[in-house]
Amino acid sequence: MTAALLTAAGRGTRMDCEIPKQFIHVNDKPIIMYTMEAFEKHPRIDAIIVVGLPDWKEVLDAYAHQSSISKYRWFVEGGSTGQESIYKGLMELKKHMSGDDVVVIHDGNRPMVTCEMITNCLITQEKYGDAVAAIPCVEASFRSDDGLVSNEIVPRETLYRTQTPHAYTLDKLLWAHDKARERGVVSTAASCSLMCLLGETCHFYPGSETNLKITTQADLAIFKALLWAEGKNHV
């Protein structure tokens, strides 16, 4: 089995909106439904679990039913941190999957993930045991301790920005989270960062600049513009 674990437990304070960002409507549809539809359509995804806000479960269930998201199987209440939310989702999946089954972790508010990205994610995981979407940095990059001044440039050729999806076996993810709890690591939401802290190597596959994570009003405007460019222009 291959399951998509979608994280959607954030309140979206940076969006400055009354409702969680993943439920903001664009084209009369919540952002998270774009994400769920992408995984629903992929032939190699067997099931979807959403880790989200309990007050919004009935809303999510209703939209999933309306959009015929048949692979949506489980909902789990999120934790106090992104790391805890993922762990809670993994513990639910442990009840339904074997250890060598694959879990694809993705931010629920990255609605522009493509079929090609999901496929590349799964191919990379099959080859190396893990997969992380990444894109090269194209701007000049500096290191700064205070965000105000710097005299240290970092060669951009060595820098990559990671995105989701990430993919690992269920056993590997459970191992990482158990080790993190033993070591007191409690706030590392990105699975690739957690693996790196534990000494694991990350294997990249191509991400995309359009695979944006919607966290601010500016991101929302870009998302609407991307939909308009694709011909979905009732934004």
Side-chain angles (χ1 to χ4, degrees), residues 1-8 22 26-27 29-51 64 67-74 82 86 89-90 92-93 96-138 160-174 176 189-196 200-214 219 222-223 226-227 229-232:
M1 176 187 291
T2 299
L5 189 161
L6 306 184
T7 57
Q22 55 270 31
V26 177
N27 287 5
K29 183 164 59 178
I31 288 171
I32 192 170
M33 293 313 303
Y34 289 91
T35 311
M36 293 181 74
E37 286 173 353
F39 286 92
E40 171 74 20
K41 293 174 182 175
H42 198 281
R44 292 189 56 187
I45 298 297
D46 301 304
I48 298 171
I49 180 172
V50 176
V51 183
S67 299
S68 300
I69 308 295
S70 62
K71 296 178 183 179
Y72 173 43
R73 300 272 296 278
W74 310 288
I86 291 173
L90 296 173
E92 178 64 27
L93 290 178
H96 312 284
M97 300 172 66
S98 64
D100 58 355
D101 285 338
V102 174
V103 181
V104 180
I105 299 174
H106 188 67
D107 301 314
N109 57 328
R110 284 191 192 270
M112 296 294 286
V113 62
T114 64
C115 181
E116 181 181 14
M117 284 191 67
I118 298 171
T119 297
N120 287 338
C121 180
L122 294 171
I123 290 173
T124 302
Q125 192 282 326
E126 286 177 350
K127 186 173 182 180
Y128 299 107
D130 71 287
V132 178
I135 54 178
C137 289
V138 296
Y160 286 79
R161 294 186 287 124
T162 63
Q163 305 175 326
T164 60
H166 302 163
Y168 302 86
T169 63
L170 177 60
D171 270 351
K172 188 69 174 181
L173 287 164
L174 290 172
S191 298
C192 58
S193 298
L194 181 56
M195 292 292 181
C196 191
E200 297 293 308
T201 298
C202 295
H203 293 88
F204 295 157
Y205 68 93
S208 171
E209 291 287 358
T210 61
N211 183 37
L212 77 162
K213 185 176 183 180
I214 300 177
D219 298 327
I222 294 170
F223 175 47
L226 289 170
L227 290 178
E230 291 183 353
K232 303 170 183 176

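Computed from heavy atoms alone, side chains included, the values below leave out hydrogens, waters and symmetry copies.
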>> Test side-chain contact (heavy atoms from CB on, under 4.5 Å) on Lys172 and Glu200; report intermediate values, then the result.
In response: CA-CA 11 Å; Lys172 188 69 174 181; Glu200 297 293 308; 2.8 Å; yes
>> Using side chain to side chain donor-acceptor pair (under 3.5 Å), reason through Ser98 and Asp100 one step at a time and then give a plain yes or no.
In response: CA-CA 6 Å; Ser98 64; Asp100 58 355; 2.8 Å; yes
> Between Val50 and Ile32, is a side-chain contact (heavy atoms from CB on, under 4.5 Å) present by the stated rule, with each step listed?
Replying inline: CA-CA 10 Å; Val50 176; Ile32 192 170; 4.2 Å; yes
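Between Cys137 and Arg161, the closest heavy-atom pair is SG-CG, 3.7 Å. Heavy atoms only, all atoms of each residue included: Ala4 and Phe39 are closest at CB-CD2, 3.5 Å. Here the shortest heavy-atom pairing between Ser68 and Glu40 reads O-OE2, 3.6 Å.
Qualifying ring pair (Phe, Tyr, Trp, His ring centres under 6.0 Å) partners for Tyr72, counting only residues two or more places apart in sequence or in other chains: none. Under the salt bridge (charged side-chain N to carboxylate O under 4.0 Å, His left out) criterion, Lys41 pairs with no residue at all, not counting sequence neighbours. Partners of Glu116 under the salt bridge (charged side-chain N to carboxylate O under 4.0 Å, His left out) rule, at least two apart in sequence or in another chain, do not exist in this structure.
Between Tyr34 and Phe223, the ring planes lie perpendicular to each other; the angle is over 60°, past the 30° to 60° tilted range. Using bins of under 30°, 30° to 60° and over 60° for the plane-to-plane angle, the ring pair Trp74/His96 lands in the parallel bin.
Put simply, CG on Leu93 and CD1 on Ile49 are 4.0 Å apart, with the number rounded to the nearest 0.5 Å. Distance check, rounded to the nearest 0.5 Å: CG of Asp101 to OG1 of Thr2 gives 7.0 Å. Ile214 CD1 to Arg110 CZ: the interatomic distance, rounded to the nearest 0.5 Å, is 10.0 Å. Here Thr164 contributes atom OG1 and Ile118 contributes atom CD1; the two are 10.0 Å apart, rounded to the nearest 0.5 Å.
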